[in-house]
Number of protein chains: 2
Amino acid sequence: MLALAAGKLGLKTHVYCDASGPAFDVATVRTTAAFDDRAALARFAADVQAITYEFENIPLDTVRLLENLATVRPGAKALACAQDRLNEKQLARTLGARTADFAAIDGLDDLASALAGSITPPCVLKTRRFGYDGKGQAKILGPADAKAAWQAIGQKPAILEAFVNFSAEVSVVAVRGTDGAFAAYDVTENEHRDHILHRSTVPARIAPKAARDAVDTARRIAEALDYVGVFAVEFFALDFSGGEVLLVNEIAPRVHNSGHWTMDACLCSQFENHIRAVAGWPLGATARHANAEMLNLIGSEAADWAALAAEPGMSLHLYGKREARAGRKMGHIIRLTPRLP
Amino acid sequence: MLALAAGKLGLKTHVYCDASGPAFDVATVRTTAAFDDRAALARFAADVQAITYEFENIPLDTVRLLENLATVRPGAKALACAQDRLNEKQLARTLGARTADFAAIDGLDDLASALAGSITPPCVLKTRRFGYDGKGQAKILGPADAKAAWQAIGQKPAILEAFVNFSAEVSVVAVRGTDGAFAAYDVTENEHRDHILHRSTVPARIAPKAARDAVDTARRIAEALDYVGVFAVEFFALDFSGGEVLLVNEIAPRVHNSGHWTMDACLCSQFENHIRAVAGWPLGATARHANAEMLNLIGSEAADWAALAAEPGMSLHLYGKREARAGRKMGHIIRLTPRLP
């Protein structure tokens, strides 16, 4: 989707990946090579004017190496933070935002003492790094679950987080330009199933003040990270009798699934805005002309494409992945409804 | 833009062209070969599930050859008609539509007798085939211009058309599916400069009855040609004291410049609808959510891209052509304004 957005702007893309993938189908130039292939990375860097990535689990060393050879946006500083749940939470707190209670866990001793002290079960143990879509997580309902949870996540550096009894999950998808310009799409409400985003709707059912606070938090995070490009901040919204309190959950240093609705409801999608920012262009407008609902097509759900394509008022996006596996995102649909003035 | 639309639907594209061009930058597979290279055409046909074209001056023999090897939409029948101004006009008349007065011209004798009889100057001599953007045309203000005009158009089979003192130029961009389903975008008003489309606006300033008649004419043309895909019919609108009379000017068997506004004002653009039709999918909705203005960026106009990209409420499309030549379409911009209910 980034390559398609680049194509709309007349820009050529060179996609570097360690395996062939859907982006190759629409890229101008393709390189298949390992992320630690220094010679291939150097050839790639010499061929392009700016580099970005669309997956935060790319090795940090790869991005650091490329930064010495070419312009990389967003930079390694942002990636390093977003790759580590502990750093994310600490940054959010430093900037005055709230998060769930958490504790750093480097072994069973840490886990036992956290469970006995600051973090009351139920809670969840998450690897600090390389987790997504529920991978690298284990629930803890009481101290007796500690050992199994520690083994389930592979005994890796982790973070223990208190369960949050949220009333809604929301996200801010925003963009920051090379000149520091900042723009945010309207706050989106998200519903997960089996730890995978199922549905996003905009506008989110939160108070205007809470939405403004969320955007303000996103802006402060972007500034703290010298961020260039599109990113997302996910929040838990707690409802405390009339107002909302937002807890920062995750920072995603990339275009985000909860921003896919911008493809059809905005003149400039999150993908185009990311390309604009990475290329050093002026940012595009983030206004939306409609209310929107985005539904992911997971695994075999995309097999219904013909029926979905026939539904009026709906936009179908398919990713061209060769194989539909359980839990794999194969595409998404966007339904628009008129926005009342 | 067709390849980008295919990419949105997860479809792979194989672009065949006699020279490298912008579509190669976003195509999955590329072939550079002559349009009469039978071996290359056979390999191409064997690699794809459906074939279309985006330029009506592709040799008819190429399309006929491919039709024997693969599914081609639209077919040679539609192309043969649209490649010949005389056939186009005769088809329109056969279907009960009006056209400017015209006469077939195969030599200076034909031209002299037409000028003396049915077609009163001022009028315009146009080659029957391979004309676009004003190429292959010569004005005739009186019988004394006949010989120069005949030489100017290369002494090729031609059509002499009476000048039309139109109040507006409008077009219908429509799509017909493999099942005969038909859908049209709202009638667009077009303004040409130096024979090249400069500006399209929607809605067109013509009466609802005239707009319905235009769409009805487009539907009848598509049915007569067993058409599959997107096409455009250009009309001259004559204002006769309160009503409009529409004269069919040209039929374009392809996505059309006057339909570019659908990229930003509709959930399903003309490009996606063409891909849907060619792939045998259900057609997408042609409704628009906004009023739109499309301006072509010709030659050096695209050099202003940075200022254009910074204008709020505007969508910039650049084609990635390597060289900006005078008269060359380098991109376009689309401005949307709210549509009143």
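Proteins get letters first, then strands, A, B, ... in listed order; numbering begins at 1 in each. Note that the structure is predicted; figures quoted are calculated from it, not measured.
Shortest non-hydrogen contact noted between A:L4 and B:G7 is CD1-C, 3.8 Å.
Neither the backbone nor the side chain of A:M263 comes within contact range of chain B, judged by heavy atoms closer than 4.5 Å. A:L336 touches chain B through its side chain: at least one heavy atom from C-beta onward sits under 4.5 Å away, while N, CA, C and O do not. Looking at B:A309, both its backbone and its side chain come within 4.5 Å of chain A, counting heavy atoms on both sides.
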Geometric donor-acceptor pairs, no angle filter, chain B-chain A, under 3.5 Å:
{"from": "B:K8", "atom 1": "O", "to": "A:L318", "atom 2": "N", "distance (Å)": "3.0"}
{"from": "B:K8", "atom 1": "NZ", "to": "A:S315", "atom 2": "OG", "distance (Å)": "2.7"}
{"from": "B:K8", "atom 1": "NZ", "to": "A:L316", "atom 2": "O", "distance (Å)": "2.9"}
{"from": "B:G10", "atom 1": "N", "to": "A:L318", "atom 2": "O", "distance (Å)": "3.1"}
{"from": "B:K12", "atom 1": "NZ", "to": "A:D25", "atom 2": "OD2", "distance (Å)": "3.1"}
{"from": "B:K12", "atom 1": "NZ", "to": "A:G320", "atom 2": "O", "distance (Å)": "2.6"}
{"from": "B:D25", "atom 1": "O", "to": "A:T28", "atom 2": "N", "distance (Å)": "3.2"}
{"from": "B:D25", "atom 1": "O", "to": "A:T28", "atom 2": "OG1", "distance (Å)": "2.8"}
{"from": "B:D25", "atom 1": "OD2", "to": "A:K12", "atom 2": "NZ", "distance (Å)": "3.1"}
{"from": "B:A27", "atom 1": "O", "to": "A:R30", "atom 2": "NH2", "distance (Å)": "2.7"}
{"from": "B:T28", "atom 1": "N", "to": "A:D25", "atom 2": "O", "distance (Å)": "3.2"}
{"from": "B:T28", "atom 1": "O", "to": "A:R30", "atom 2": "NH1", "distance (Å)": "3.0"}
{"from": "B:T28", "atom 1": "O", "to": "A:R30", "atom 2": "NH2", "distance (Å)": "3.2"}
{"from": "B:T28", "atom 1": "OG1", "to": "A:D25", "atom 2": "O", "distance (Å)": "2.8"}
{"from": "B:R30", "atom 1": "NH1", "to": "A:T28", "atom 2": "O", "distance (Å)": "3.0"}
{"from": "B:R30", "atom 1": "NH2", "to": "A:A27", "atom 2": "O", "distance (Å)": "2.7"}
{"from": "B:R30", "atom 1": "NH2", "to": "A:T28", "atom 2": "O", "distance (Å)": "3.2"}
{"from": "B:R276", "atom 1": "NH1", "to": "A:A309", "atom 2": "O", "distance (Å)": "2.8"}
{"from": "B:H289", "atom 1": "NE2", "to": "A:H289", "atom 2": "NE2", "distance (Å)": "3.3"}
{"from": "B:A309", "atom 1": "O", "to": "A:R276", "atom 2": "NH1", "distance (Å)": "2.8"}
{"from": "B:S315", "atom 1": "OG", "to": "A:K8", "atom 2": "NZ", "distance (Å)": "2.7"}
{"from": "B:L316", "atom 1": "O", "to": "A:K8", "atom 2": "NZ", "distance (Å)": "2.9"}
{"from": "B:L318", "atom 1": "N", "to": "A:K8", "atom 2": "O", "distance (Å)": "3.0"}
{"from": "B:L318", "atom 1": "O", "to": "A:G10", "atom 2": "N", "distance (Å)": "3.1"}
{"from": "B:G320", "atom 1": "O", "to": "A:K12", "atom 2": "NZ", "distance (Å)": "2.6"}

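Of the listed residues A:P338, A:A27, A:P312, the one with more heavy-atom pairs under 4.5 angstrom with chain B than any other is A:A27. Ranked by heavy-atom pairs under 4.5 Å with chain A, the list B:A285, B:G331, B:P22, B:A310 is led by B:A310.
Contacts of B:A218 classified as side-chain contact (heavy atoms from CB on, under 4.5 Å), with partners at least two apart in sequence or in another chain: B:V172, B:F182, B:F231, B:V233.
Contact check for A:L308 versus A:L297: side-chain heavy atoms found under the 4.5 Å cut-off. Residues B:V202 and B:V187 fail the side-chain proximity criterion, which asks for heavy atoms closer than 4.5 Å.
Separating the CD1 atom in B:I334 from the CG atom in B:L316 is a distance of 10.0 Å, to the nearest 0.5 Å.
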task: Run the numbers on B:L41 and B:L66 for side chain to side chain contact (heavy atoms under 4.5 Å, CB included), then give the verdict.
output: CA-CA 7 Å; B:L41 289 169; B:L66 289 170; 4.1 Å; yes
message: Checking A:L69 against A:I51 for the side chain to side chain contact (heavy atoms under 4.5 Å, CB included) test, could you report, in this order, the C-alpha distance in whole Å, the side-chain angles of both residues, the deciding distance, and whether it holds?
response: CA-CA 10 Å; A:L69 302 170; A:I51 296 172; over 6 Å; no
message: Show, in sequence, the C-alpha distance, side-chain angles and deciding distance for A:I275 and A:L2, and conclude whether the side chain to side chain contact (heavy atoms under 4.5 Å, CB included) test is met.
response: CA-CA 7 Å; A:I275 295 292; A:L2 286 166; 4.2 Å; yes
